[in-house]
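Report on the structure given below.
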Amino acid sequence: MDIWWGRTADARPGLVGELDASERARLTAYARDEDKSRFLVGATIVRRVLSIKLELPPRDIQLDRTCPDCGRQHGKISVDGMQLSVSHSGDRVVVAFHPTAAVGVDVELINPSIDADSLASVSLSTLEAAELAGFEPAARARAFTQYWTRKEAVVKATGDGIRADLRKVIVSAPNQPPALREWAEYDGPVRLVDLPAGVEYAATLAILSEHTPEVRSFDAAPLLRS
Ligand SMILES: CC(C)(COP(=O)(O)OP(=O)(O)OC[C@H]1O[C@@H](n2cnc3c(N)ncnc32)[C@H](O)[C@@H]1OP(=O)(O)O)[C@@H](O)C(=O)NCCC(=O)NCCS
Ligand SMILES: [Zn+2]
């Protein structure tokens, strides 16, 4: 499977013409330039990579992002012939593609000043919170963010997103190989892979399969330049 990494600096006005009407409306609705750039880079990676894989012009790719909660076009992307997942944080954008198995990807900029202990009470199980408390205070922001990306990757793969109670999505500790330990609401197969994203970020990929995927990583900068 393929992972494409982009940066907000890759955004430029010339990319907007490939978006469909709902994507252009979302782009306009974002107030902050950084949100516009993250969305534009993500949507363009989706369209240009699918264009290569499905042999269609980027504009002709029919994407469905129908949100199960409200019907608007801001949910998980579904497209004929490919499974994919998008995530953005800070100046990073990542898109994961798999030909058949559902995937979820999450990248998060680590905020060193977060109150990891109080965030733990709303998103970690008792077991995970106790493990987190065992990390040195200086290592806790990264450790918490690793728990978070592992959980988010799982709930993005299933399509639940943060409607799921993340305290019940119990993942392995950050100093252990990534895995889903327990989630009563999902009993199918899942494999997790931590993605290298530099010291400032944590990133995890989840795939609803019993096979750990072979991951090929690509830099989207050349793809976005043309
Ligand atoms: C999906 C979700 C976990 C994203 O969290 P985040 O860390 O803020 O954002 P990320 O950058 O990692 O992911 C954003 C991407 O997730 C995807 N996404 C949206 N809903 C999703 C879902 N239910 N499952 C999987 N992926 C989803 C979209 O492709 C989005 O990319 P886009 O903005 O370019 O369209 C979170 O927004 C969510 O759970 N949303 C659904 C629940 C919700 O808010 N419903 C109310 C809306 S009416
Ligand atoms: Zn919605």
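Counting convention: from 1, in listed order, for ligands and their atoms alike.
Counting protein heavy atoms under 4.0 angstrom from atom 37 (O) of ligand 1 gives zero. Closer than 4.0 Å to atom 8 (O) of ligand 1 lies none of the heavy atoms of the protein. At least one protein heavy atom sits closer than 4.0 Å to atom 25 (C) of ligand 1.
Here the rule is salt bridge (Lys or Arg N to Asp or Glu O under 4.0 Å) with Asp20, and of Arg59, Arg47, Arg65, Arg26 only Arg47 fits it.
Applying the 4.0 Å criterion to heavy atoms of Gly159 picks out, from ligand 1, the atoms 22 (C), 23 (N), 24 (N). Numbered from 1 in the order shown, with element, the atoms of ligand 1 that lie under 4.0 Å from a heavy atom of Arg26 read 32 (P), 33 (O), 35 (O). Distances below 4.0 Å separate heavy atoms of Lys76 from the following atoms of ligand 1: 18 (N), 19 (C), 20 (N), 21 (C), 22 (C), 24 (N), 25 (C), 26 (N), 27 (C). Listed by number with element, the atoms of ligand 1 under 4.0 Å from a non-hydrogen atom of Asp106 are 7 (O), 12 (O). When each atom of ligand 1 is checked for a heavy atom of Val86 under 4.0 Å away, the hits are 13 (O), 14 (C), 15 (C), 16 (O), 29 (O), 31 (O), 34 (O). Within the listing of ligand 1, atoms 48 (S) sit less than 4.0 angstrom from a heavy atom of Cys70. Close approach of ligand 1 to Arg65 (heavy-atom distance below 4.0 Å) involves ligand atoms 35 (O).
Which of His88, Lys151, Gln73, Arg163 comes nearest to atom 31 (O) of ligand 1 through a heavy atom is settled by distance: it is His88.
When hydrogens are left out, the protein atom nearest atom 6 (P) of ligand 1 is Glu152 OE1, 4.4 Å; that is the closest non-hydrogen contact. The nearest heavy-atom contact from the protein to atom 47 (C) of ligand 1 is His74 NE2, 3.6 Å. The closest protein non-hydrogen atom to atom 44 (O) of ligand 1 is Ile162 CD1, 4.4 Å. Ranking the protein heavy atoms by distance from atom 13 (O) of ligand 1 puts Lys156 NZ, 2.8 Å first. Regarding atom 43 (C) of ligand 1, its nearest protein heavy-atom neighbour is Asp69 OD2, 4.0 Å.
Judged by the shortest distance from any of its heavy atoms, Arg38 lies outside the 4.0 Å radius around the atoms of ligand 1. The shell of residues lying under 4.0 angstrom from ligand 1, judged by heavy atoms, excludes Ser85. Within the structure, the closest approach of Glu108 to ligand 1 falls below 4.0 Å when heavy atoms are considered. By the 4.0 Å heavy-atom criterion, Gly75 is counted among the residues contacting ligand 1.
Checked against a 3.5 angstrom limit, the closest N/O atoms of Arg72 and ligand 1 fall outside it.
Aromatic ring pairs are classed by plane angle as parallel below 30°, tilted from 30° to 60° and perpendicular above 60°; the pair Phe39 and Tyr30 is tilted.
Between the side chains of Ser125 and Glu128, at least one donor N or O sits under 3.5 Å from an acceptor N or O. Defined by atom type and a distance below 3.5 Å, a donor-acceptor pair is missing between the side-chain atoms of Arg191 and Ser209. Ser37 and Thr8 share no side-chain donor-acceptor pair at under 3.5 Å.
A salt bridge links Arg38 to Asp35: one of the charged nitrogens lies within less than 4.0 Å of a carboxylate oxygen. Ion pairing between Arg92 and Glu200 fails under the 4.0 Å rule for side-chain N and carboxylate O. Between Glu131 and Arg181 a salt bridge is recorded (basic side-chain N to carboxylate O distance below 4.0 Å). Between Glu136 and Arg140 there is no salt bridge, since none of the side-chain N atoms of the basic residue sits less than 4.0 Å from a carboxylate O of the acidic one.
Smallest separation of non-hydrogen atoms from Pro58 and Ser51: CD-OG, 3.5 Å.
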Report the C-alpha distance between Phe97 and Gln83 in whole Å, list the side-chain angles of each, state the deciding distance to 0.1 Å, and finish with yes or no for side-chain contact (heavy atoms from CB on, under 4.5 Å). CA-CA 6 Å; Phe97 298 85; Gln83 298 281 338; over 6 Å; no
Is there a side-chain hydrogen bond (donor to acceptor under 3.5 Å, both in side chains) between Thr44 and Glu18 once you walk through the steps? CA-CA 7 Å; Thr44 306; Glu18 281 169 22; 5.4 Å; no
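Within 6.0 Å of CG in Asp69 there are more than 12 heavy atoms belonging to other residues, nucleotides or ligands.
At the Zn ion (ligand 2), the vertex angle linking SG of Cys70 with SG of Cys67 is 110° (nearest 10 degrees).
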